[in-house]
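Ligands are counted one by one from 1 in listed order, and the atoms in each one are counted from 1 as well. Since the structure is predicted, the reported quantities are computational estimates derived from the model, not experimental observations.
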Amino acid sequence: MKKLIAGNWKMNGTESGAVSLISDIAAGLEKNKALLQRCDFLVCPPATHIYVVKRRIDHGHVPVETGGQDCAATENGAFTGDISAAMLKDMGCGYVILGHSERRTLHKESSALVKEKAGRANAHGLITIICVGETLSEREAGKEFDVVGRHLAESLPSGAGAGNTVIAYEPVWAIGTGMNATPADVKAMHAFIRERLKENVADSANMRILYGGSVKPENASSLFEVENVDGALIGGASLKAEQYLGIAEAA
Ligand code: PGA
């Protein structure tokens with residue numbers, strides 16, 4: 001399975017900065033085409049920048065997919081401020097990140113809501129990246145497997161399978177902190193996720209499980225060597241083409 005190198009740009013940058021970033025990624029991939037044998041590439045810009053990034057990708061035939069960072073749980077209508085799965089699809093997105101811990105925490109999103117959004121996204125042909133992961137206090141209390149098991153059981157819609165769903169294990173305490181989980185922690189959790197998926201979804205062996213949380217070029221190879229790590233969801237390091245592609249080089 002090729003590794004999925006997914007950049008989560010979060011709420012960063014300007015339109016011109018977004019175009020520069022995708023142009024730098026395009027130039028890097030052009031120089032190092034071998035990366036495409038081992039990795040698939042995805043960037044998830046802020047919603048306001050998806051269009052320009054997609055236009056740059058299409059004009060330059062850049063081998064990178066685009067995704068949203070969230071979508072609504074409903075179809076189009078009177079939902080001020082929301083963006084629907086249909087709109088992301090219409091803009092050319094192939095993916096959408098759902099249930100990121102920043103949304104679960106700052107926007108009080110429940111797994112039930114994530115599941116509704118995921119069902120809607122799948123219905124519009126988007127592949128969802130469903131984020132799961134425990135907080136530091138939950139890990140310290142030895143509850144990390146319970147929390148992740150619950151996230152999985154409650155966030156995946158019916159019909160979820162390897163073709164339309166990716167799981168991202170992101171321990172909350174590792175996001176943006178520079179503290180990444182050890183390869184042993186990642187191995188144990190990814191094996192647990194694989195087992196749980198077996199019970200719930202078809203074709204579970206082929207469902208990608210990404211690791212996310214302070215992934216950098218320096219730690220990527222030790223994470224990618226771990227069994228059941230099928231790629232990375234990258235925040236901070238995805239904002240610099242050199243680091244983003246450096247992570248792919250480690251694959
Ligand atoms: P980080 O973010 O790489 O900056 O830790 C990861 C994420 O939130 O997806």
Side-chain angles (χ1 to χ4, degrees), residues 3-13 17-18 21 25 39-47 49-50 53 64-71 93-109 111 114 117-118 121 127-136 138-139 144 147-148 151-152 155 165-183 185-186 189-190 193 208-224 226 229-251:
K3 305 278 192 218
L4 179 63
I5 309 298
N8 174 10
W9 294 2
K10 306 195 181 183
M11 195 172 75
N12 287 298
L21 179 50
I25 292 170
C39 304
D40 290 325
F41 293 89
L42 166 69
V43 295
C44 300
H49 302 159
I50 294 172
V53 169
V64 175
E65 289 234 47
T66 52
Q69 299 174 10
D70 179 44
C71 72
C93 288
Y95 288 78
V96 62
I97 299 169
L98 293 173
H100 190 282
S101 63
E102 284 150 16
R103 296 207 63 87
R104 288 181 187 266
T105 311
L106 303 171
H107 297 272
K108 312 272 179 286
E109 291 196 2
S111 291
V114 173
K117 291 180 172 194
I127 299 172
T128 58
I129 299 180
I130 297 184
C131 302
V132 300
E134 80 286 358
T135 62
L136 185 57
E138 287 163 342
R139 175 164 281 263
E144 65 271 28
V147 171
V148 169
H151 279 166
L152 285 173
S155 306
T165 307
V166 173
I167 304 298
Y169 170 55
E170 297 206 308
V172 179
W173 48 273
I175 296 175
T177 58
M179 287 193 334
N180 65 305
T182 65
D185 292 338
V186 175
M189 187 57 83
H190 280 232
I193 293 172
R208 275 170 161 155
I209 307 174
L210 313 182
Y211 171 76
S214 296
V215 179
K216 310 241 166 335
E218 302 79 54
N219 59 27
S221 55
S222 62
L223 292 164
F224 285 149
V226 175
V229 173
D230 306 313
L233 183 56
I234 310 153
S238 73
L239 296 172
K240 296 215 169 77
E242 205 182 290
Q243 291 199 21
Y244 173 71
L245 295 174
I247 290 167
E249 269 163 45

Heteroatom proximity flag, [X] to ligand 1, N/O under 3.5 Å:
{"X": "E170", "value": "yes"}
{"X": "G213", "value": "no"}
{"X": "E102", "value": "no"}
{"X": "G212", "value": "no"}
{"X": "I175", "value": "no"}

So, [X] and [Y]: side-chain donor and acceptor under 3.5 Å apart, yes or no?
{"X": "D185", "Y": "T182", "result": "yes"}
{"X": "H100", "Y": "E170", "result": "yes"}
{"X": "W9", "Y": "Q69", "result": "no"}

- Message: How close do Y244 and L42 get, counting heavy atoms only, and between which atoms?
- Response: OH-O, 3.1 Å
- Item | Minimum heavy-atom distance N219-S214, with the two atoms named |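 Reported closest heavy-atom pair: ND2-O, 2.9 Å.
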Against heavy atoms of [X], which atoms of ligand 1 measure under 4.0 Å?
{"X": "N8", "value": "9 (O)"}
{"X": "G176", "value": "1 (P), 4 (O), 5 (O)"}
{"X": "G236", "value": "1 (P), 3 (O), 4 (O)"}
{"X": "A174", "value": "5 (O)"}
{"X": "H100", "value": "7 (C), 8 (O), 9 (O)"}

- Quick one: sort the H190 and Y211 rings into parallel, tilted or perpendicular, breaks at 30° and 60°.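 If you compare the ring of H190 with that of Y211, the planes turn out tilted.
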- Message: Any atom of ligand 1 sitting under 4.0 Å from a heavy atom of A168?
- Response: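 Flag not set, A168 not near ligand 1.
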- Item | Sub-4.0 Å heavy-atom contact, K216 with ligand 1 |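 Contact check K216 vs ligand 1: negative.
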- Message: Quick one, V148 and E134 - any side-chain contact, counting heavy atoms below 4.5 Å?
- Response: yes
- Item | Side-chain heavy atoms of I97 within contact of N8, under 4.5 Å |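 SC-SC contact between I97 and N8 confirmed.
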- atom 3 (O) of ligand 1: the protein heavy-atom neighbour that sits closest, reported with distance to 0.1 Å: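 Nearest neighbour among protein heavy atoms for atom 3 (O) of ligand 1, to 0.1 Å: G235 N, 2.9 Å.
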- Take R104 and E109 through the salt bridge (Lys or Arg N to Asp or Glu O under 4.0 Å) test and state the conclusion after the steps. CA-CA 4 Å; R104 288 181 187 266; E109 291 196 2; over 6 Å; no
